[in-house]
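In what follows, a single structure is set out as structure tokens and then discussed.
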Number of protein chains: 2
Amino acid sequence: MGTTQLETVPEPKYWHLKTVISEALDSDFAVGEILPNERDLAARFGVARATLRQALEQLELEGRLQRRRGVGTTVAPPRMGVDVSTPRQGWPGAGQDAWQPIGCTTVLPPHSVARLLDAEDGEEAHTVRRLRLSQGQPLAAELLYVPLASVPARAVGDTPSGPARARSVLSELRRLPLEGQDRAVELGSARADDAKELDRLPGAPVLVVTTRYFSGGRTAAVSVATYRADTCRLTFGDFGNLEISHHGQQRQAS
Amino acid sequence: MGTTQLETVPEPKYWHLKTVISEALDSDFAVGEILPNERDLAARFGVARATLRQALEQLELEGRLQRRRGVGTTVAPPRMGVDVSTPRQGWPGAGQDAWQPIGCTTVLPPHSVARLLDAEDGEEAHTVRRLRLSQGQPLAAELLYVPLASVPARAVGDTPSGPARARSVLSELRRLPLEGQDRAVELGSARADDAKELDRLPGAPVLVVTTRYFSGGRTAAVSVATYRADTCRLTFGDFGNLEISHHGQQRQAS
DNA sequence: AAGTGGTCTAGACCACTTG
DNA sequence: AAGTGGTCTAGACCACTTA
């Protein structure tokens, strides 16, 4: 009895390390500054490099650090607020939506996407590849699946599989009446091709935004957009009848 | 010359492992089934346990696996779709919003929150703790900050810091005219207290949903909700003028 | 060529759950 | 007490960037 529960809770070393480094980042480092290398840091804290890395990994996950192989570890700028709301319901590519078409092929969509499309099994779909940039940095990579039932192959002609064909599919899609859409956000890890576009290593944590576009009582298109989780904060500038003036500075990365 | 770039791309072992295991999960395992333990698996694949763990970690990040210390590794059910849209703009706690009040204290909000609240530095705020459950499982933990400027201390009286006080603050908050809100989603790692509520280890990946509530041209409240990233897919059942009938089965976890 | 972070190993011990 | 995943170590080598 009376064995009070003090002194227990042997906090893991990497967790404590994370706290220490995090506080050091706040007080002693400026954005963009480079940290000592991992071997030095590990020695300085008297831990194995693997343990030190565990702490750095979490800090990178939280967007506090940026690590680049062959270069070093730097203090990351605050995450960018990226607007993913859909002000006036619009098809992808309508108005100026910050996405840059890269290419377009016609393939059998993966199972997970086919489930979302109201498509017969084995129906092919236009697959538009787009990239979202901000200040030259890639924020997100998107695959937009448009079943042939929504935009017949003949409508886009035989334009080769480049940006031109992508734009052609998008503009055909816009001819349909858009009846609604819904959206989901979840955590994922970057596939090899997305990682390449996003300038990250495969497996990097990403926020996957899946959007379904409805037209004619069907799912006319599905977009799977992969945002860099380290640099992006997805914002939904929802409603709000009046423009609010807040001095809360939503800092954008420079 | 002629050194064609075949045979290159030495895919990391853990990445290949992940693919192999992922395919095995699809074909040979049912949801809830337990996998062999890590030492056996590592031996079976002829890799060190650390390498095997790297693959399992990614699969857990993607919501494919669930690992529990002392128990084992099981095949996770598909992620739950959790609605985080705000159909008719409403204050937290209005109608039935699936959140269960736990307690309420009055503290100085952390810096990151104070920046969002249009509050003088050093102004205290009611801090309401709420939990969101689904089928008995915790999905999310929330901290709702309500500055004293929005709900004066005298309005809630001296109810002790339990659920009753939480409900009192919420109902006072609902008396204010809600003029708008905005919302952001980003990746984070669970703080110790959130981890406990969510039945996860500290540092577990979470989706952090930050909501600002505007009233009287000010930010009247800020909510920071921490969703389990492994089990949750956040859905925004945005607009959509008609109810769509899709046979795409949005499987819910049982 | 030198220096960085990324991968990998083969151990050890710890914290936790269950019988 | 036995078995699980979680933490930690002290090395080694690899892939990449920069000079």
Side-chain angles (χ1 to χ4, degrees), chain A residues 5 7-19 21 33-61 64-76 189-190 192 195-196 199-205 230, chain B residues 5 7-19 21 33-61 64-76 189-190 192 195-196 199-205 230:
Chain A
Q5 195 163 329
E7 330 241 346
T8 59
V9 199
E11 199 175 48
K13 276 190 187 177
Y14 79 90
W15 187 259
H16 182 238
L17 257 184
K18 187 187 132 178
T19 309
I21 297 176
E33 197 169 345
I34 61 179
L35 270 62
N37 72 52
E38 297 183 348
R39 291 162 180 87
D40 282 358
L41 278 178
R44 184 174 316 192
F45 288 114
V47 300
R49 182 154 81 110
T51 305
L52 185 269
R53 277 179 61 80
Q54 214 172 338
L56 296 187
E57 260 152 38
Q58 284 224 1
L59 289 169
E60 189 179 32
L61 197 79
R64 308 282 316 268
L65 292 179
Q66 187 165 353
R67 300 146 89 200
R68 273 172 305 173
R69 167 152 54 174
V71 180
T73 301
T74 58
V75 180
S189 56
K196 195 165 198 174
D199 195 23
R200 299 252 60 198
L201 289 178
D230 56 341
Chain B
Q5 195 165 329
E7 329 241 346
T8 59
V9 199
E11 199 175 48
K13 276 189 187 179
Y14 79 91
W15 187 259
H16 183 238
L17 257 184
K18 188 187 131 180
T19 309
I21 297 176
E33 198 169 346
I34 61 179
L35 270 62
N37 71 53
E38 297 182 347
R39 291 162 180 85
D40 282 358
L41 277 178
R44 185 173 314 191
F45 288 114
V47 299
R49 183 155 80 109
T51 305
L52 185 269
R53 277 179 61 79
Q54 214 173 338
L56 296 187
E57 260 151 39
Q58 284 225 1
L59 288 169
E60 189 179 32
L61 196 80
R64 308 283 315 269
L65 292 179
Q66 187 165 352
R67 300 146 88 200
R68 271 172 306 174
R69 168 153 51 176
V71 180
T73 301
T74 58
V75 180
S189 56
K196 195 166 198 172
D199 194 23
R200 300 253 59 199
L201 290 179
D230 56 341

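In the text below, chain A, chain B and the rest are named by the order of the sequence lines, each starting its count at 1. The structure displayed is predicted, hence computed values, not measured ones.
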TODO: Can you tell me which stems DNA chain D forms, taking runs of 3 or more consecutive Watson-Crick or G-U pairs with both distances under 3.5 Å?
DONE: C:1-18 with D:1-18
- [ ] Name the nucleic acid region contacted by A/Arg39, choosing base, sugar-phosphate or nothing; use a 4.0 angstrom heavy-atom cut-off, strictly under.
- [x] base
Open item on the list: Contact list please: residues 46-55 of chain A against DNA chain C, heavy atoms, distance less than 4.0 Å, in numerical order.
Closed with: A/Arg49, A/Arg53
Open item on the list: Tell me the closest heavy-atom pair linking A/Leu65 and A/Val75, and the distance in Å.
Closed with: CD2-CA, 4.3 Å
Pairs under 3.5 angstrom only: tabulate donor-acceptor contacts from the side chains of residues 41-61 of chain A to other protein residues two or more places apart or in another chain.
from    : atom 1 : to       : atom 2 : distance (Å)
A/Arg49 : NH1    : A/Glu38  : OE1    : 2.6
A/Arg53 : NH1    : A/Glu38  : OE1    : 3.2
A/Arg53 : NH1    : A/Glu38  : OE2    : 3.0
A/Gln58 : OE1    : A/Lys18  : NZ     : 3.0
A/Glu60 : OE1    : A/Arg67  : NH1    : 3.3
A/Glu60 : OE2    : A/Arg67  : N      : 3.3
A/Glu60 : OE2    : A/Arg200 : NH2    : 3.4

Open item on the list: I'd like the 5' and 3' limits of the part of DNA chain D contacted by chain A, with heavy-atom contacts below 4.0 Å.
Closed with: D/dT7 to D/dT17
Open item on the list: On a heavy-atom basis, which atom in A/Gly203 and which in A/Ser189 lie closest, and how many Å separate them?
Closed with: O-CB, 3.4 Å
Task: Most 5' of A/Trp15 and A/Val71 on DNA chain D, judged by nearest nucleotide - done: A/Trp15
Open item on the list: Going by side chain to side chain contact (heavy atoms under 4.5 Å, CB included), name the residues that satisfy it together with A/Ala195, two or more places apart in sequence or in a different chain.
Closed with: A/Ala190, A/Pro202
- [ ] Please report the C-alpha distance between A/Ile21 and A/Arg64 in whole Å, then the side-chain angles of each, then the deciding distance to 0.1 Å, and finally whether the side chain to side chain contact (heavy atoms under 4.5 Å, CB included) criterion is met.
- [x] CA-CA 10 Å; A/Ile21 297 176; A/Arg64 308 282 316 268; over 6 Å; no
TODO: Have a look at B/Leu201 and say if it touches a base, only the backbone sugar-phosphate, or nothing, with a 4.0 Å heavy-atom cut-off.
DONE: sugar-phosphate
